[in-house]
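Structure first, commentary second.
Since the structure is predicted, the reported quantities are computational estimates derived from the model, not experimental observations.
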Amino acid sequence: MPSPTSTTQTGNGAASDHNSSEAEQRTRVLVNMLFARFKAIYTHKFASAYATTEEVKLAKREWAIALKGFQEPLLAYAVERTKERYAWPPTISEFLAVIQTAYKAYGLPEPRQAYLEACSCRHNPREKRWSHPAVYFAGAETGWHNLSTDEERVTWPQFEKHYTYFVDKVINGEKLVIPNPVMIEDKSAPILDALLKDIAEQIDQNESDIAHHLYYLYKTNGTKIRALYRDRAVKALKEQGYNGNLPL
C-alpha cells in the first residue's frame with residue numbers, strides 16, 4: 001500500500017475545512033487501497049462478500065468512517081495479520097480488533113490509554129517512566145501545559161493526531177528515545193538556559209514544555225540528524241509563536 005501524504009495541521013475556519021477535506025480524501029484513498037488488497041488476497045471470496053457495485057460503495061463508506069484517523073503503516077500491518085488470521089474478508093469489527101493487536105505487537109498502548117497516561121504524567125514528564133516513548137513525544141507535541149489546563153475535547157484530538165504520527169514512525173522501524181533529563185540540565189551547552197528562558201517568555205509557556213525541542217543541541221554539530229531535529233524544532237516553535245532564530 002503506497003503511503004499517501006502524511007498528517008495535516010489543525011486549523012480554523014476555511015483552513016480547517018480544507019484540512020478536513022484533505023483528511024477525508026486520504027481516508028478514501030486508504031480504503032480503496034485496502035479493498036484492492038482484500039480483493040487480491042481473497043479473490044472470489046471477496047466477490048461473494050461484495051457482489052454488486054452498490055454494495056462495494058456502501059461498504060467503503062462504512063469502512064471510511066471506521067478507519068478515520070488511522071494512517072497507512074498501521075493499516076498495512078493489520079492487512080498482513082488479517083490474511084494470516086481470516087479465510088474470508090474481515091468485518092470492520094474484526095479488522096479493528098487486528099489493529100489493536102498491532103499496538104501490542106510494538107509495545108504500544110492503544111491511543112486512549114496513551115492519552116490517559118500522558119494526562120496523568122503531565123507534571124515533570126521527563127522524570128516519569130513511560131510505557132513507550134511514543135506516548136511521551138505525543139504528549140510533548142500536544143503540550144504539557146495544554147494537557148494540564150485545556151479541556152479534553154480540545155487536547156484529545158490533538159494528542160491522538162500526534163500519537164498516530166509517532167506510532168507510524170515506530171511501525172516503520174524508527175527508534176524513539178526520550179531525552180535524558182540530565183542532558184537537558186547539562187551545562188556543557190551554555191546557551192541552553194538562556195535560550196530556554198527566551199523561548200518560554202516569548203511564547204508564554206513553561207521551560208519544561210519546550211525543552212524537548214532543544215534536544216538537537218546534544219547531537220554532533222554538522223550532522224544530518226542534528227539538522228533534522230533542528231528543522232523540526234524550528235517548525236514546532238514557530239507554530240507556537242516563537243520568532244527567534246535557533247542556533248545551528
Tyr242 vs Val234, side-chain contact (heavy atoms from CB on, under 4.5 Å): CA-CA, chis, key distance, verdict = CA-CA 9 Å; Tyr242 181 62; Val234 169; over 6 Å; no

Is [X] linked to [Y] within one hydrophobic cluster, defined over Ile, Leu, Val, Met, Phe, Trp and Tyr using a side-chain heavy-atom separation of less than 4.5 Å?
X      : Y      : value
Leu108 : Leu96  : yes
Phe159 : Leu116 : yes
Val135 : Leu176 : yes
Ile92  : Tyr103 : yes
Ile65  : Val98  : no

Rounded at 0.5 Å granularity, tell me how far [atom1] in [X] sits from [atom2] in [Y].
X      : Y      : atom1 : atom2 : result
Gln240 : Ile199 : CD    : CD1   : 9.5 Å
Arg28  : Gln25  : CZ    : CD    : 4.5 Å
Thr82  : Tyr42  : OG1   : OH    : 6.0 Å
Arg26  : Glu72  : CZ    : CD    : 12.5 Å
Tyr77  : Ile171 : OH    : CD1   : 8.0 Å
Arg232 : Leu237 : CZ    : CG    : 14.0 Å

I need the minimum non-hydrogen distance between [X] and [Y], along with the two atoms involved.
X      : Y      : answer
Gly107 : His132 : O-CD2, 3.6 Å
Ala64  : Thr27  : O-CG2, 3.4 Å
Arg122 : Ser148 : CD-OG, 2.9 Å
Trp130 : Ile178 : CD1-CD1, 3.6 Å
Ala114 : Pro109 : CB-CG, 3.9 Å
Phe95  : Ala78  : CZ-CB, 3.6 Å

Quick one: do Phe46 and Trp88 satisfy ring-ring contact (aromatic ring centres under 6.0 Å, His included)? Show the steps, please.
-> CA-CA 7 Å; Phe46 179 87; Trp88 285 82; over 10 Å; no

Within a reach of under 6.0 Å around NZ of Lys45, are more than 12 heavy atoms found that belong to other residues, nucleotides or ligands?
->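 Atom NZ in Lys45 is crowded, with more than 12 foreign heavy atoms closer than 6.0 Å.
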
Would you say Lys39 has more than 12 foreign heavy atoms packed within less than 6.0 Å of its NZ?
->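 No, because the 6.0 Å sphere around NZ of Lys39 holds 12 heavy atoms or fewer from other groups.
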
So do the side chains of [X] and [Y] get within less than 4.5 Å of each other, counting heavy atoms only?
X      : Y      : value
Glu62  : Val31  : no
Val167 : Tyr106 : no
Cys119 : Tyr115 : yes
Tyr165 : Glu141 : no
Val154 : Asn146 : no

Test side-chain contact (heavy atoms from CB on, under 4.5 Å) applied to Thr164 and Leu74, step by step = CA-CA 9 Å; Thr164 298; Leu74 194 62; over 6 Å; no

Which word best sums up how the rings of Tyr136 and Trp144 line up, parallel for under 30°, tilted for 30 to 60°, or perpendicular for over 60°?
->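 The rings of Tyr136 and Trp144 sit tilted, inter-plane angle from 30° to 60°.
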
Any idea how Phe38 and Phe35 line up, ring-wise: parallel (<30°), tilted (30 to 60°), or perpendicular (>60°)?
->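 Tilted, since the angle between the ring planes falls between 30° and 60°.
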
Ignoring hydrogens and angles, state whether a donor on the side chain of Thr142 or Tyr163 is under 3.5 Å from an acceptor on the partner side chain.
->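 There is no such pair (donor and acceptor under 3.5 Å, judged by atom type) between the side chains of Thr142 and Tyr163.
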
When you look at Val56 and Lys60, which way does the side-chain contact (heavy atoms from CB on, under 4.5 Å) test go after all the steps?
-> CA-CA 6 Å; Val56 172; Lys60 285 183 176 181; 3.7 Å; yes

Does the side-chain contact (heavy atoms from CB on, under 4.5 Å) test come out yes or no for Asn172 and Glu174, once each step is laid out?
-> CA-CA 6 Å; Asn172 281 321; Glu174 183 170 334; 5.8 Å; no

Is the closest basic N to carboxylate O distance between Glu80 and Arg37 below 4.0 Å?
->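 Looking at Arg37 together with Glu80, the answer is yes, because their closest N to O distance falls below 4.0 Å.
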
So which pairs with a foot in residues 93-119 pass salt bridge (charged side-chain N to carboxylate O under 4.0 Å, His left out), sequence neighbours left out?
->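 Those involving residues 93-119 are Arg112-Glu152.
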
Donor-acceptor pair, side chain of Arg230 and main chain of Pro247, under 3.5 angstrom |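 Yes; at least one donor-acceptor contact below 3.5 Å.
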
